[in-house]
Amino acid sequence: MAVSISRKAAACIAATVGMTNQALGEPETIIVNGANPLVVNELLDANVTIEANGELSGAGGITGLVTNNGTVAPGEGGIGGFVIFNGFQQSSSGLLNIDVSDVNGNDDLLVFGTISLGGSVSLNPMQHGDGFSIGDTRTILLSEESIEGSITGLTVSNDLLSRAFIRPSIAVDGNQLIVSFDQLSFVSNNFNSNQIAIGTALDESLGQASGELTEFAADLGLVSLAETAAPLEQLVPEGAAVLSTASIRSSQMFHAEVEKQAARGIDSAKTDGWIGWASAFGGFAENSRQNQGAVSEFDYDIYGVVVGADRSVGKSGRLGFAVGVSKAEIDISGQPKEAEQKSIQASVYVTYFQDNYRLSGALSAGYNDIETERHIAFASGTPTVTGDSDGYVFAGSTELAYLDDINDMRFEGFVGFDVHSAHQDGYSERGAGSLGFDIRSKTETSVRSRVGARVNFWKDVANTKFKPHLKAAWVHEFSYDENEVSGQFRGLSATRFTVEGASPAEDFAEIDAGFNYQLSQNSAMYAGYTGLIGSNETVHGFSAGFTFAW
């Protein structure tokens with residue numbers, strides 16, 4: 001027959017058990033394993049050791065020491081209590097399984113003797129009334145002595161609490177183990193800034209959201225706060241944040257090809273008529289930064305083609321135009337997030353030379369077709385979230401060089417300046433319903449200076465002209481120092497957030513090496529490598545092409 005033992009009665013029994021044990025010696029030891037679970041609804045005179053797969057349950061009491069390496073579940077088919085009279089030890093593998101009702105109290109464990117705690121608690125909420133309340137506390141373990149150790153994990157068996165915007169926490173307070181019903185939150189000081197931004201927006205969505213967003217929040221409320229960092233990271237639209245780098249670097253690579261042709265213009269000064277040219281270019285890069293102890297990193301590949309033509313203007317200049325297409329692909333390292341951009345750009349350029357000086361410049365405008373994609377593994381159905389947007393880029397560059405020919409070598413010292421402004425339209429993500437974002441439009445502008453030198457070496461190879469060249473420069477970024485994007489959960493303007501991707505480098509060492517090879521009197525080919533090495537960004541670029549006159 002089950003017995004209900006009051007705390008006063010338990011104290012009397014504890015004293016009686018102590019005198020009996022002194023007279024009769026230690027009680028027997030019972031081993032509980034998976035094959036033999038133990039249900040105690042009376043007073044059992046024994047020491048009990050619960051193995052990793054074993055379980056002790058019931059609404060009675062144990063006179064001896066209980067060592068829990070498995071599961072202790074007070075109560076019998078509902079809310080109930082259990083008494084241990086000679087100490088309780090729970091190891092790191094031990095679990096305390098507690099039912100808790102919104103109106104009928106909760107399971108509890110009353111212990112006489114020393115308590116040493118480890119392991120975890122599993123909380124089983126049961127609703128019998130209007131629901132649980134934020135700020136409520138429940139004592140699930142009470143001792144006559146102070147409690148040593150602590151519980152390292154807390155799990156919740158269903159989403160009753162999270163749907164009431166409650167996240168339980170557990171702590172030892174003197175001689176009690178207490179569960180507190182706190183306001184549900186997804187923000188921790190241990191998170192990086194992007195996770196905090198999304199967590200704050202998710203907090204602000206509670207009570208407003210529906211559908212997929214509500215289900216995600218309820219599921220996320222079942223795990224500990226520390227465990228929410230990874231699911232929050234899946235929400236961060238980092239691909240949208242770093243697309244500015246793809247836009248600006250694509251524009252810069254396009255302009256680099258135009259500038260190379262403008263620099264070659266001085267060798268075509270006396271060429272009447274037109275000179276046409278075509279280049280293929282590509283590059284790959286890695287960009288990283290520290291974000292509150294976490295490394296934010298992305299890789300990008302850019303490749304494209306550009307064609308152009310120019311002709312002499314008077315005796316001292318050339319005027320030309322160019323059109324190019326390119327594609328940029330971005331992967332966020334360690335995350336299932338991608339972004340892609342297809343671009344078309346057009347440019348006009350001019351070269352003016354006088355004595356030992358060359359002045360060149362170019363203006364361009366372009367259109368970008370943008371796509372983003374990320375996968376939310378934590379959400380039900382593992383949805384793929386996609387976005388489409390348009391973008392525009394406007395750019396201008398200029399370079400002033402001093403030239404001096406020495407034997408078979410041409411030396412150029414130069415200074416340059418370029419501006420690239422990339423705009424990205426706002427868009428709404430698809431594929432995850434209310435769990436998607438409304439991404440706001442953004443504009444990023446890069447303003448750079450270049451100071452350096454080129455050396456062109458002339459050689460006769462089989463009666464043709466072969467001209468290798470080397471270039472070294474310092475590139476400094478004045479304004480473009482961040483990659484960020486703002487947004488909100490779809491339709492919820494109060495949940496606005498801003499997240500950041502890895503920042504572009506402020507200073508680069510630029511190294512360029514390549515050659516021109518004269519194929520005939522009216523044609524030549526060229527190829528080269530350009531490396532940009534910054535503190536947190538490294539870019540490797542390649543190009544090859546040909547020119548022809550008519």
Side-chain angles (χ1 to χ4, degrees), residues 1-18 20-21 26-91 93-101 103-126 128 138-144 147 151 154-158 170 175-179:
M1 180 180 68
V3 296
S4 177
I5 304 174
S6 69
R7 280 169 167 67
K8 183 175 181 181
C12 294
I13 294 172
T16 303
V17 167
T20 302
N21 285 342
E26 287 295 320
E28 66 171 319
T29 297
I30 297 176
I31 305 298
V32 181
N33 54 40
N36 299 291
L38 180 61
V39 180
V40 178
N41 289 318
E42 299 177 343
L43 187 61
L44 177 64
D45 186 20
N47 293 318
V48 177
T49 296
I50 307 161
E51 295 185 342
N53 58 352
E55 178 176 297
L56 168 65
S57 62
I62 301 290
T63 64
L65 170 68
V66 174
T67 301
N68 182 27
N69 302 307
T71 300
V72 171
E76 182 187 13
I79 302 299
F82 200 87
V83 182
I84 299 172
F85 292 96
N86 198 27
F88 178 60
Q89 297 177 354
Q90 179 163 294
S91 70
S93 65
L95 173 69
L96 192 57
N97 199 340
I98 300 294
D99 294 332
V100 55
S101 168
V103 294
N104 296 331
N106 54 270
D107 292 342
D108 60 14
L109 192 61
L110 175 61
V111 178
F112 295 87
T114 60
I115 294 181
S116 176
L117 279 185
S120 58
V121 168
S122 177
L123 208 61
N124 308 307
M126 298 182 296
H128 300 107
R138 303 293 181 90
T139 298
I140 63 174
L141 188 153
L142 178 65
S143 171
E144 65 169 349
I147 299 173
I151 294 296
L154 175 64
T155 59
V156 184
S157 65
N158 58 57
I170 193 162
N175 65 338
Q176 300 180 80
L177 182 62
I178 295 176
V179 173

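Computed from heavy atoms alone, side chains included, the values below leave out hydrogens, waters and symmetry copies. All values reported here derive from a predicted model rather than from experimental measurement.
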Sequence neighbours excluded, the answer for side-chain hydrogen bond (donor to acceptor under 3.5 Å, both in side chains) partners of N53 is none

Hits for side chain to side chain contact (heavy atoms under 4.5 Å, CB included) against L95, two or more places apart or cross-chain, chain-then-number order -> T71, S120, S122

Query raised in the report: What do the steps show when you test I170 against L123 for side chain to side chain contact (heavy atoms under 4.5 Å, CB included), and what is the final call?
Result: CA-CA 10 Å; I170 193 162; L123 208 61; over 6 Å; no

From the list N33, V32, N36, side chain to side chain contact (heavy atoms under 4.5 Å, CB included) with E51 holds only for N33

Check for a donor-acceptor pair, side chain of N97 on one end and backbone N or O of V72 on the other, with a separation under 3.5 Å. no

So CD1 of I178 and CD1 of I140: to nearest 0.5 Å the spacing works out to 9.5 Å

Tightest non-hydrogen contact, residues G80 and D107, listed as N-OD1, 2.8 Å

Exactly one of V66, L110, N41, V40 clears side chain to side chain contact (heavy atoms under 4.5 Å, CB included) with F82, and that residue is V40

By side chain to side chain contact (heavy atoms under 4.5 Å, CB included), E144 pairs with (sequence neighbours left out) F112

Taken in chain and number order and not counting sequence neighbours, the residues that satisfy side-chain hydrogen bond (donor to acceptor under 3.5 Å, both in side chains) with T114 are none

Whether D99 side chain and I79 backbone form a donor-acceptor pair below 3.5 Å: no

Value for CG (L109) from CG (L141), rounded to nearest 0.5 Å, stands at 5.0 Å

Those residues at least two apart in sequence (or on a different chain) that pass side-chain hydrogen bond (donor to acceptor under 3.5 Å, both in side chains) with S101 are H128

Taking every heavy atom of N47 against every heavy atom of G64, the minimum-distance pair comes out as OD1-CA, 3.2 Å

So V100 and V179, side chain to side chain contact (heavy atoms under 4.5 Å, CB included) or not? Walk me through it. CA-CA 10 Å; V100 55; V179 173; over 6 Å; no

Do we see a donor-acceptor contact under 3.5 Å between the side chains of T63 and D45? yes

For I147 and L177 the tightest heavy-atom approach is CD1-N, 3.9 Å

Of all heavy-atom pairs linking A46 and I62, the shortest is O-CG2, 3.1 Å

- [ ] Could you check L44 against I30 for side chain to side chain contact (heavy atoms under 4.5 Å, CB included), going step by step and ending with a plain yes or no?
- [x] CA-CA 10 Å; L44 177 64; I30 297 176; 3.8 Å; yes

By side chain to side chain contact (heavy atoms under 4.5 Å, CB included), S157 pairs with (sequence neighbours left out) N124, P125

Contacts of T67 meeting side chain to side chain contact (heavy atoms under 4.5 Å, CB included) (sequence neighbours excluded), chain-then-number -> T49, L65, N69, Q89

Between N106 and T139, the two heavy atoms sitting closest are ND2-O, 3.1 Å

The side-chain hydrogen bond (donor to acceptor under 3.5 Å, both in side chains) partners of N68 (sequence neighbours excluded) come to Q90

